[in-house]
Amino acid sequence: MTQHPKGPALERRGLTRRQLLSRSVAAGASLVVGAGFVASGTAAWALETTAIKPESMATLIQMARDIYPHDQVADQFYAIAVKGYDTAEAAPNVEAGIAELNAAAVAAGHADYISIGWEEDRVAVLRAIETGVFFQTIRSGLVTGLYNQKDVWPIFGYQGESFSQGGYIERGFDDIDWL
Amino acid sequence: MVAKFDLNDDSVVVIIGTGAGGGVLANELAQKGVKVVALEAGGRYLPEDYINDEWESFTQLAWLDARTTSGTWRVAKDFSGLPAWIVKAVGGTTTHWAGASLRFQEHEWKALSTYGAVEGASLLDWPIDAAEMAPWYEMAETKLGVTRTGDRAGLPGNNNFKVFEKGALALGYKEVHTGRMAINSADYDGRMACQQTGFCFQGCKWGAKWSAAYTDIPAGEATGNLEVRERSHAARILHDDSGKVTGVEYFDKDGNLQFQAARIVCVAGNTFESPRLLLNSASSMFPNGLANSSDQVGRNYMRHTTGSVYAIFDKPVRMWRGTTMAGIIQDEARHDPSRGFVGGYELETLSLGLPFMAAFLNPGGWGRGFTTALDHYENMAGMWIVGEDMPQATNRVTLSEATDQFGLKVANVHFDDHPNDVAMRNHAYKQGVAIYEAVGATRAFPTPPYPSTHNLGTNRMSERPEDGVCNKWGQTHDIANLFISDGSQFTTGAAENPTLTIVALAIRQADHIAREMAAGNI
Ligand SMILES: Cc1cc2nc3c(=O)[nH]c(=O)nc-3n(C[C@H](O)[C@H](O)[C@H](O)COP(=O)(O)OP(=O)(O)OC[C@H]3O[C@@H](n4cnc5c(N)ncnc54)[C@H](O)[C@@H]3O)c2cc1C
Ligand code: SF4
């Protein structure tokens, strides 16, 4: 169940930052979408897609953040959490789910999900589909997909494995100083 | 010298399951010279194998075979295939357990007499009492090396405990300490002292916490009287025309069906699997399952009234550092109906790592209400409620239509809270929140019960055969050479974590079985 952030699909591609950005269009606030890939707006990382459309992947990443929004957690980790859906097997359901999500956005008077500017408005769209299978699959997958990334733990202060360091007996198990 | 017994050897005692009940019973019998074959569905994992990672460890150790659920408990909705969080491995759930080791209070052996009849509850008195159990408790405490018993010192308090303690004292609670724990505060019984690693639930890599996996089981094997057959899943207990059990059919590690003959069979598969096995062993002579003339097999399932309270402070706590559950408030464990419920509850420190916190804080929850809680994970403190829940005849394990990998019907677990459980939980939530607010918590989370870790009562002990499944020795009322040896024999649950009592009962049962065998009675 562990997903490691440096998986094969997530890597800086053989393009310069400028080349990458010149081949993409903005999708949402911080993502750009190009032919066959989603990248961060700063081109710090790019995620190649094979089975699902890059626009759908960008929407999925935005949706992941809106379900479990942590402002201190970069998009990269949300991308890692959902990149597993980019398979031939999962693609039809994901595309259908994204279509359902976009339809809900349209019904609420927006162009599509990812172009909604305010999180609050996107969340209202998610509420409209939250009992459905698509939402529940994505949400429950994120519980491990996002929070079980070892590289995410330090962002929350969690220190993970401790045996190899001799436990906390000499590393602050009782160091609270403000009580 | 590890024993190896013949499948046709009908002089052996066969024990099904090697956890707190079965593992201890196996060793105690072996020490007395009784030949034992222990069948264990899981594999063997030792401290060097345990993993300091919540999900990886869960995948390694947890019982993940199919189960189904029904009833109004929230677990049936959020974790429908996982009613319990327990272990499938040599040593059973004593690999996962946190080590809290408390004796029952005297009145808890006599719940019906003390509380009086409670509507909707199938309360009974145990057929044993505190005086009878005292010497067995002492042996169990010595075996487990329980802190604050004998001359064993308490564990030091970690950050999570210090917050908990300060809040408790501010509220006027008096019985507040770092618990009676089966975790070494100093080297004991060849095992080292706790290193405050904080992964007690994942198997203690130092061996500081008692687990049958690396204490009783190897000690029993060393006598030459105990053979543990791992990855051996008991399917059915067979009997002869006189109604005595003759042995156990099981699937071996290669999936082949075997039959091990037995003089005595002891069932210790934990509270879902033990009744399931008795029910799956139905025959033309016993159409409702073995030892079930009372129709009590599977009924009166108890899981303790639980819940957690987590709270956020404006400064770091780092609750995950150090012993997971070394902290307790016992003042609410008394029976005091003026609080609006019978029985009592303990409050114990608890911490989960970030991955489990995300899964259990508010299962199904999402959005900023949820994520802002996790944002302050570092500033969180946590406690767990464990209180006496009411036995109810309708809370029960039955056979589901679903089958497992062997084609055997799986256990369906039905549970509804009793109003007494709800009243107790709400009281405990309120107290838990108040404790943390007294130390300046800025936000508190009364968190719903997890999949059950304490599972009790489905083959209960009773004085009269019509009220339960087994007598005061764990011997089934119907079949003299069939015993119940795990938490399923509990008549009522008491407020305390159950394992010390399971172990004390196993030591006592071993003594009884060996004596009866020697006398030629069974
Ligand atoms: C996370 C956690 C923390 C806990 N903390 C505490 C604590 O602090 N204090 C406390 O008192 N208790 C605690 N407990 C509870 C404690 O672990 C259990 O009460 C105790 O282990 C139950 O003992 P048992 O013998 O009934 O079953 P188990 O220890 O679960 O053993 C049952 C064994 O039987 C095997 N089995 C089942 N069916 C079959 C079959 N058909 N064939 C062969 N083998 C089979 C299983 O694989 C298992 O190994 C905790 C539990 C968990 C999960
Ligand atoms: S905190 Fe202590 S008992 Fe728990 S796993 Fe670490 S060393 Fe073992």
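Protein chains get the first letters and strands the later ones, always in sequence-line order, with residue 1 at the start of each. Treat the numbers as computed from the prediction; the structure is a model and nothing was measured.
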Please state whether the side chain, the backbone, both or neither of [X] comes within less than 4.5 Å of a heavy atom of chain B.
X        : answer
A/Arg65  : neither
A/Glu170 : neither
A/Asp177 : neither
A/Gln72  : side chain
A/Gln136 : neither

### Task
Kindly state whether the ring of B/Tyr450 and the ring of B/Phe360 have centres lying under 6.0 angstrom apart.
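Aromatic pair counts; centres sit under 6.0 Å.
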### Message
Determine whether the aromatic ring centres of residues B/Phe201 and B/Trp85 are separated by less than 6.0 angstrom.
### Response
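That pair passes the under 6.0 Å test.
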### Task
Apply ring pair (Phe, Tyr, Trp, His ring centres under 6.0 Å) to A/Tyr68 and A/Tyr147, showing your working.
CA-CA 10 Å; A/Tyr68 290 123; A/Tyr147 297 108; 5.5 Å; yes
### Query
Checking B/Leu374 against chain A: side chain, backbone, both or neither under 4.5 Å from a heavy atom?
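Both parts, backbone and side chain.
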### Task
Name the region of B/Phe161, side chain, backbone, both or neither, that has any atom closer than 4.5 Å to a heavy atom of chain A.
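Neither; nothing under 4.5 Å.
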### Query
Would you say the side chains of B/Arg321 and A/Ser162 form a donor-acceptor pair under 3.5 Å?
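No, no side-chain donor-acceptor contact under 3.5 Å.
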### Message
Do A/Arg171 and A/Tyr168 form a cation-pi contact, if we require the NZ or CZ to be under 6.0 Å from the six-membered ring centre and within 45 degrees of the ring's axis?
### Response
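Yes, a cation-pi geometry holds between A/Arg171 and A/Tyr168.
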### Task
In plain terms, say whether B/Lys205 and B/Glu48 are close enough for a salt bridge, that is, a side-chain N and a carboxylate O under 4.0 Å apart.
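Salt bridge flag = no for B/Glu48 with B/Lys205.
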